> 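Below is the structure I would like to discuss, written out as structure tokens.
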Amino acid sequence: SRQQLKDEEMVRINPIVMDSDMSTNVIPNHITVGTDLRTKTVDYMKETALKMDAAAKGSALALQGEVSIETQMGYMPFVQNRYLSGFIVQAFQSNDEITDISLENAISAAGDIGDLSYMIPCIQIGYSGFSGTIHGDDFKDIDPEYIYEVFPRFLAEALEEISGKI
């Protein structure tokens with residue numbers, strides 16, 4: 001299905017089995033699947049959700065089964081506010097401890113910040129100093145000085161840049 005989806009939309013489809021009467025080597029009589037869908041834009045999320053629904057209907061038809069689809073609203077894609085991001089760039093330019101900044105690295109993670117970004121101007125600032133898989137049991141800090149001293153100082157400088165200008 002990757003060939004059917006736009007790479008620039010950073011589509012993420014994460015299905016999980018929520019309920020079933022299946023066991024090893026047994027085809028279930030029924031199954032409930034929940035799927036988390038993430039994209040960069042709302043319009044493409046809607047388009048992709050329709051494709052997912054069509055795939056479920058086609059699979060059921062091919063297996064002579066039935067399908068019932070319920071679509072629920074999840075998190076909105078995050079939209080970074082460019083005006084607020086400008087203050088981060090200003091703080092970066094006057095900081096000699098932070099050596100790199102990436103401005104156009106979209107992520108497909110979802111959360112409350114995505115919803116908020118449709119209501120109020122928001123920014124999300126990521127930083128390094130970790131290794132392992134995010135949310136994984138191997139995730140750990142490998143640069144405590146950067147995480148607990150350098151980055152917080154930079155964040156304070158960025159907040160000073162923003163103060164009184166929004």
Side-chain angles (χ1 to χ4, degrees), residues 1-18 33-56 69-166:
S1 71
R2 283 294 280 191
Q3 297 84 354
Q4 303 301 314
L5 303 172
K6 297 176 183 176
D7 286 337
E8 64 271 13
E9 281 287 335
M10 299 183 70
V11 177
R12 298 296 179 267
I13 300 171
N14 304 301
I16 60 167
V17 174
M18 300 177 71
V33 176
T35 303
D36 177 35
L37 171 63
R38 300 174 182 178
T39 63
K40 280 176 55 178
T41 63
V42 174
D43 287 341
Y44 199 71
M45 185 182 292
K46 292 177 186 177
E47 184 180 325
T48 305
L50 291 175
K51 288 180 181 182
M52 290 173 55
D53 291 353
I69 298 171
E70 282 183 40
T71 301
Q72 296 177 349
M73 184 64 192
Y75 290 118
M76 301 288 283
F78 176 65
V79 179
Q80 185 94 335
N81 182 274
R82 297 293 166 213
Y83 177 71
L84 293 178
S85 293
F87 295 114
I88 305 307
V89 171
Q90 290 171 13
F92 169 74
Q93 290 169 342
S94 64
N95 181 289
D96 60 355
E97 292 183 289
I98 308 288
T99 59
D100 189 29
I101 187 170
S102 299
L103 299 173
E104 299 300 326
N105 289 2
I107 60 170
S108 59
D112 295 332
I113 190 74
D115 294 350
L116 286 173
S117 72
Y118 281 80
M119 296 181 260
I120 60 174
C122 294
I123 57 173
Q124 191 169 30
I125 305 169
Y127 56 99
S128 61
F130 303 93
S131 71
T133 306
I134 294 177
H135 302 299
D137 59 3
D138 63 337
F139 190 72
K140 61 183 177 182
D141 60 344
I142 58 171
D143 191 349
E145 180 184 3
Y146 183 80
I147 296 168
Y148 304 114
E149 295 175 32
V150 174
F151 187 74
R153 274 195 299 273
F154 169 73
L155 196 53
E157 293 168 9
L159 291 172
E160 286 179 24
E161 288 286 342
I162 293 172
S163 181
K165 299 174 184 162
I166 54 175

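Note that the numbering runs from 1 along the sequence shown for the chain. From a predicted model like this one, the values you see are computed outputs, not experimental measurements.
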> With E160, which residues qualify under salt bridge (charged side-chain N to carboxylate O under 4.0 Å, His left out), at least two apart?
none
> About how many Å separate OG1 of T35 and CE of M52, when rounded to the nearest 0.5 Å?
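Going from the CE atom of M52 to the OG1 atom of T35 covers 4.5 Å.
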> Taking side chain to side chain donor-acceptor pair (under 3.5 Å) as the test, write out the residues that go with T41, two or more places apart.
E9
> Which distance, rounded to the nearest 0.5 Å, do you find between the NZ of K51 and the CG of L5?
5.5 Å
> My understanding is that only residues two or more places apart in sequence, or in another chain, count here; which of them pass side chain to side chain contact (heavy atoms under 4.5 Å, CB included) with I125?
I88, I123, F151, L155
> Taking atom CD1 as the centre, does I16 end up with more than 12 heavy-atom neighbours from other residues, nucleotides or ligands that are less than 6.0 angstrom away?
yes
> Taking side chain to side chain donor-acceptor pair (under 3.5 Å) as the test, write out the residues that go with D112, two or more places apart.
none
> To the closest 0.5 Å, what do you measure between CE (M10) and OG1 (T39)?
11.0 Å
> Counting only heavy atoms not in E145, do more than 12 fall under 6.0 Å of its CD?
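Open.
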> Can you see which heavy atom on F139 is nearest to which on T133, and at what distance?
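Heavy-atom minimum between the residues: CB-O, 3.3 Å.
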> What is the distance from atom OG of S131 to atom CG of D143, rounded to the nearest 0.5 Å?
11.0 Å
> Supply the atom-to-atom distance I98 CD1 to F92 CZ, rounded to the nearest 0.5 angstrom.
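The CZ atom of F92 is 8.0 Å from CD1 of I98, to the nearest 0.5 Å.
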> Could you list the residues that satisfy side chain to side chain donor-acceptor pair (under 3.5 Å) with T71, not counting sequence neighbours?
none
> Could you work out, with salt bridge (charged side-chain N to carboxylate O under 4.0 Å, His left out) as the rule, every residue matching D36, not counting sequence neighbours?
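With neighbours one apart ignored, the set is R38.
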> Is a donor on one side and an acceptor on the other found under 3.5 Å between the side chain of Q80 and the backbone of Q124?
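Answer holds: yes.
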> Verify the neighbour count for atom CG of N14: are there more than 12 heavy atoms of other residues, nucleotides or ligands below 6.0 Å?
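Yes, the 6.0 Å shell around CG holds more than 12 heavy atoms from other groups.
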> Could you tell me which residues satisfy side chain to side chain contact (heavy atoms under 4.5 Å, CB included) with V42, sequence neighbours excluded, listed by chain and number?
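By the side chain to side chain contact (heavy atoms under 4.5 Å, CB included) rule, V42 matches K46, M76, P77, Y118.
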> Which residues satisfy the ring-ring contact (aromatic ring centres under 6.0 Å, His included) test with F87, sequence neighbours excluded?
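Listed in chain order: Y83.
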> Mind listing the closest non-hydrogen atom pair of A158 and A91 along with its distance?
CA-CB, 3.6 Å
> Measure from the side-chain N and O atoms of S117 to the backbone N and O of G114, and report whether any donor-acceptor pair falls under 3.5 Å.
yes
> Between D138 (side chain only) and G132 (backbone N and O only), is there a donor and an acceptor less than 3.5 Å apart?
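A pair under 3.5 Å: no.
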> Using the salt bridge (charged side-chain N to carboxylate O under 4.0 Å, His left out) criterion, which residues pair with K165? Sequence neighbours excluded.
E161
> Decide yes or no for V11 and K6: does some side-chain heavy atom of the first lie under 4.5 Å from some side-chain heavy atom of the second?
no
> Should the heavy atoms of other residues, nucleotides or ligands under 6.0 Å from CE of M18 be counted, would the total exceed 12?
no
> Can you name the residues that form a side chain to side chain contact (heavy atoms under 4.5 Å, CB included) with P152, not counting sequence neighbours?
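Side chain to side chain contact (heavy atoms under 4.5 Å, CB included) check on P152 returns nothing, list empty.
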> D141: what forms a side chain to side chain contact (heavy atoms under 4.5 Å, CB included) with it, not counting sequence neighbours?
F130, P144, I147, Y148
> Under the side chain to side chain donor-acceptor pair (under 3.5 Å) rule, collect the residues that match up with E97, sequence neighbours excluded.
R153
